[in-house]
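These notes are about the structure you will find just below.
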Amino acid sequence: MPKVAVIGAGAMGLAAAYHLLKAGHKVEVFEADAVPGGMAAHFDFGGVSLERYYHFVCKADQATFSLLQELGLEGALRWRRTSMGYFYQGRHYAWGDPIALLRFPHLDIISKIRYGLMMFTSTKRSDWSKLDRLRADQWIKAWCGERGWKVLWEKLFALKFFEFADDISAAWIWTRFKRVGTSRRSLMQEEMGYIEGGSEVLIKRLVERVLGMGGTIHLASPVSEIHLENEAVSGVTVSGTRLSFDSVITTVPLPHIPKMIPALPEDMRAQYAALKNVGVVCVVHKLKKPVSRHFWLNINDDRIEIPGIIEFSNLRHFGSNHIVFVPYYLPITHPRFSQSDDSLIRESFGYLKLLNPELLDQDRVATQISRLRFAQPICPPRYLERIPPVATRIRGLQIADTSSYYPEDRGISEGVRLAREIAGRVQ
Ligand SMILES: Cc1cc2nc3c(=O)[nH]c(=O)nc-3n(C[C@H](O)[C@H](O)[C@H](O)COP(=O)(O)OP(=O)(O)OC[C@H]3O[C@@H](n4cnc5c(N)ncnc54)[C@H](O)[C@@H]3O)c2cc1C
């Protein structure tokens, strides 16, 4: 059996290690952070264990359900009726069902019908080959018209993707419509899930299983180099020590790859170097009062420079406290990415006060800020041709990150599904 190194102890790396160990391989996992979990890691929020980045489960997340069952955690899945709202130029509107759409006063009836049809047909569609070649903004405009685009989408795209806003694949946005649009009890009622105790519960169980089957997890152990010899992988360097492996699986963000594998052939290096991401600064407030009754609140307001908030406690309850995530998705070159914590806290709480004028300064119990440089891969049209294959032509080397399951958006379910495939390929 080959000796396998897995780089990254996020959901994908840990799930790959778990499947490899089940198949009898010898596995070592290397994680740069001091804790496992990657994007799904938790922190202690004044006695509450909470994800650094909000996580919800959709009804389409089949691979998550299978893994939870295999790990004896199927009972930890909870489902809640959730809702969406839209804060449009200073006023709250219900959103996310046909009646809300019909009542929304800022669109004409034709645009509403076109928008409704786009959403409905998106949930029914399965062939995305044409969508891969189209731009998301052009595809949405073709369905909803200019007015629909301006009122509902333009600002959301601008504030999530900035200079990449007109370079997003229609296939990528379509999978998001489909995943969320099919997570419903009925046409009128959205339903979302979460793991009781948070994503950490899944991460901890994977860690337990990996260790229990004889795997090793090295925390605070960044891999600085992956070595190649004669077009095959030969090992990794960790904290200055070179270690031999027959097979290496990396799950770190793909933009790290050119630096991490200096011996990579030039054509492969160029492919990885061309990939783009946006980062995120995720502010999470613990409050004494709710901001709204919705799980998601999309925002289009000239005073507010974020596309929406996630009121997480409207999915997972936290006693008398209300938990609200305010994600600033940003290219890492944007000045806001390095804005001080204090000023981001002031600004984001100021936004929450605009959304709910009854919120007072004394209603803010605590705030935490997490930053991630590679939070959202940018998938432009024809991404299918650009994305490097997970199984590389270098023998024993597999390279994946959250963009490897395009057109699906980053997500735990797709990550653990791919992990099973990756493990199955190790000979
Ligand atoms: C704001 C936000 C919201 C999200 N919401 C949801 C949601 O609602 N539902 C959902 O399913 N998913 C959601 N996701 C996505 C989900 O968190 C990810 O898809 C998943 O956690 C990614 O797992 P991964 O193992 O592929 O990558 P990561 O979790 O990124 O793991 C990669 C690991 O590699 C480590 N690493 C990096 N460099 C090195 C190195 N040199 N050596 C060793 N280790 C290294 C990193 O520290 C990290 O732990 C969200 C993500 C974000 C950012």
Side-chain angles (χ1 to χ4, degrees), residues 5-18 28-42 51-58 60-65 67 82 160 176 179-180 183 192-195 198-200 202-203 206-207 217-226 236-239 248-257 259-261 277-284 295-296 306 308-310 312 315-316 325-330 370-377 390 399-405 408-419 422:
V6 175
I7 308 176
M12 187 170 7
L14 288 171
Y18 165 72
E28 288 188 51
V29 181
F30 298 95
E31 168 55 52
D33 205 341
V35 292
M39 294 185 199
H42 277 219
E51 277 108 325
R52 292 174 190 162
Y53 309 101
Y54 52 91
H55 282 83
F56 57 90
V57 176
C58 288
D61 293 355
Q62 208 49 55
T64 298
F65 309 149
L67 184 62
T82 49
K160 178 143 185 184
R176 302 198 53 168
R179 177 170 180 259
V180 172
S183 203
M192 294 291 163
Y194 65 95
I195 298 173
S199 309
E200 178 186 65
L202 172 61
I203 297 295
L206 281 169
V207 167
I217 302 175
H218 305 271
L219 297 175
S221 301
V223 169
S224 55
E225 186 169 343
I226 299 175
V236 299
T237 292
V238 187
S239 313
V248 173
I249 294 163
T250 158
T251 65
V252 310
L254 298 187
H256 286 309
I257 296 299
K259 192 164 170 234
M260 211 180 204
I261 319 180
N277 262 255
V278 286
V280 74
V281 181
C282 204
V283 186
V284 51
F295 173 57
W296 345 61
I306 45 159
I309 60 165
I310 292 88
F312 201 59
L315 174 68
R316 187 180 150 202
F325 284 89
V326 184
Y328 291 76
Y329 287 95
L330 299 160
S370 303
R371 288 177 166 80
L372 201 58
R373 293 171 66 81
F374 302 104
Q376 178 73 71
V390 172
I399 300 179
D401 82 349
T402 57
S403 65
S404 302
Y405 31 83
E408 293 295 339
D409 187 22
R410 46 158 212 203
I412 289 181
S413 189
E414 289 301 316
V416 301
R417 181 190 58 73
L418 182 58
I422 290 174

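Counting starts at 1 for both ligands and their atoms, following the listed order.
- Residues meeting the ring-ring contact (aromatic ring centres under 6.0 Å, His included) test with Phe295, sequence neighbours left out: Phe56.
- Residues Arg410 and Asp401 are not paired through a salt bridge, judged by the lack of any N-O separation under 4.0 Å between the basic side chain and the carboxylate.
- The nearest heavy-atom contact from the protein to atom 29 (O) of ligand 1 is Met39 N, 2.8 Å.
- Residue contacts with ligand 1 for Gln376 are absent, since no atom lies close enough (heavy atoms, distance under 4.0 Å).
- Pairing each heavy atom of Ser239 with each of Ser221, the nearest pair is OG-CA, 4.5 Å.
- The closest heavy-atom contact to atom 2 (C) of ligand 1, among the options Tyr194, Tyr53, Phe374, comes from Tyr53.
- The minimum heavy-atom distance linking Ala375 with Gly279 is given by the pair CB-C, 3.7 Å.
- Close contacts between ligand 1 and Met12 involve ligand atoms 24 (P), 25 (O), 26 (O) [criterion: under 4.0 Å to a heavy atom].
- Minimum heavy-atom separation, Gly38 to Arg52: O-NH1, 3.9 Å.
- Every atom of ligand 1 is numbered from 1 in the order shown, and the set under 4.0 Å from a heavy atom of Gly38 is 29 (O), 48 (C), 49 (O).
- Under the 4.0 angstrom criterion for non-hydrogen atoms, Phe312 is not in contact with ligand 1.
- Note that the CD1 atom of Ile249 and the CD1 atom of Ile7 stand 9.5 Å from one another [nearest 0.5 Å].
- The proximity of Thr402 to ligand 1, defined as any non-hydrogen pair under 4.0 Å, is limited to the side chain.
- Closest of all the heavy-atom pairs between Pro327 and Val280 is CB-CG2, 4.1 Å.
- Only the side chain of Tyr329 comes within 4.0 Å of ligand 1, judged by heavy-atom distances.
- Distance from atom 23 (O) of ligand 1 to its nearest protein heavy atom, with residue and atom name: Ala11 N, 3.9 Å.
- Regarding atom 19 (O) of ligand 1, its nearest protein heavy-atom neighbour is Gly411 N, 2.9 Å.
- Not close to ligand 1: Pro327, with no non-hydrogen atom less than 4.0 angstrom away.
- Close contacts of ligand 1 with Tyr405, meaning ligand atoms under 4.0 Å from a residue heavy atom, involve 19 (O).
- Contacts of Phe325 with ligand 1, taken as heavy-atom pairs under 4.0 Å, are absent altogether.
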Legend entry - Derivation and outcome, salt bridge (Lys or Arg N to Asp or Glu O under 4.0 Å), residues Glu414 and Arg179: CA-CA 12 Å; Glu414 289 301 316; Arg179 177 170 180 259; over 6 Å; no
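- In this structure, CD1 in Ile226 is found 11.5 Å from NE2 in His256, a value given to the nearest 0.5 Å.
- Those atoms of ligand 1 with a heavy atom of Met260 less than 4.0 angstrom away are 40 (C), 41 (N).
- With ring centers used as reference points, Tyr54 lies 6.0 Å or more from Phe312.
- Nearest protein heavy-atom neighbour of atom 41 (N) of ligand 1: Val223 O, 3.0 Å.
- Between the OG1 atom in Thr250 and the CZ atom in Phe30 there is a gap of 12.0 Å [rounded to 0.5 Å].
- When the heavy atoms of Arg373, Arg52, Arg410 are ranked by distance to atom 51 (C) of ligand 1, first place goes to Arg410.
- Only side-chain heavy atoms of Leu372 come within less than 4.0 Å of ligand 1; its backbone N, CA, C and O stay farther off.
- Between Ala32 and ligand 1, at least one pair of N/O atoms sits closer than 3.5 Å.
- Scanning all protein heavy atoms for the shortest distance to atom 32 (C) of ligand 1 gives Thr251 O, 3.6 Å.
- Side chain of Glu51 to backbone of Gly198: no donor-acceptor contact under 3.5 angstrom is found.
- Regarding atom 20 (C) of ligand 1, its nearest protein heavy-atom neighbour is Ile412 CG1, 4.1 Å.
- Remark: side-chain polar atoms of Tyr405 are not paired, donor with acceptor, to backbone N or O of Ser413 under 3.5 angstrom.
- For atom 17 (O) of ligand 1, the closest non-hydrogen atom of the protein is His55 NE2, 2.6 Å.
- When heavy-atom distances to ligand 1 are checked against a 4.0 Å cut-off, Tyr54 comes that close through both its backbone and its side chain.
- Residue Ala9 places no N or O, backbone or side chain, under 3.5 Å from any N or O of ligand 1.
- When only non-hydrogen protein atoms are considered, atom 8 (O) of ligand 1 lies nearest to Phe56 N, 2.9 Å.
- By the side chain to side chain donor-acceptor pair (under 3.5 Å) test, His42 pairs with Ser49, sequence neighbours left out.
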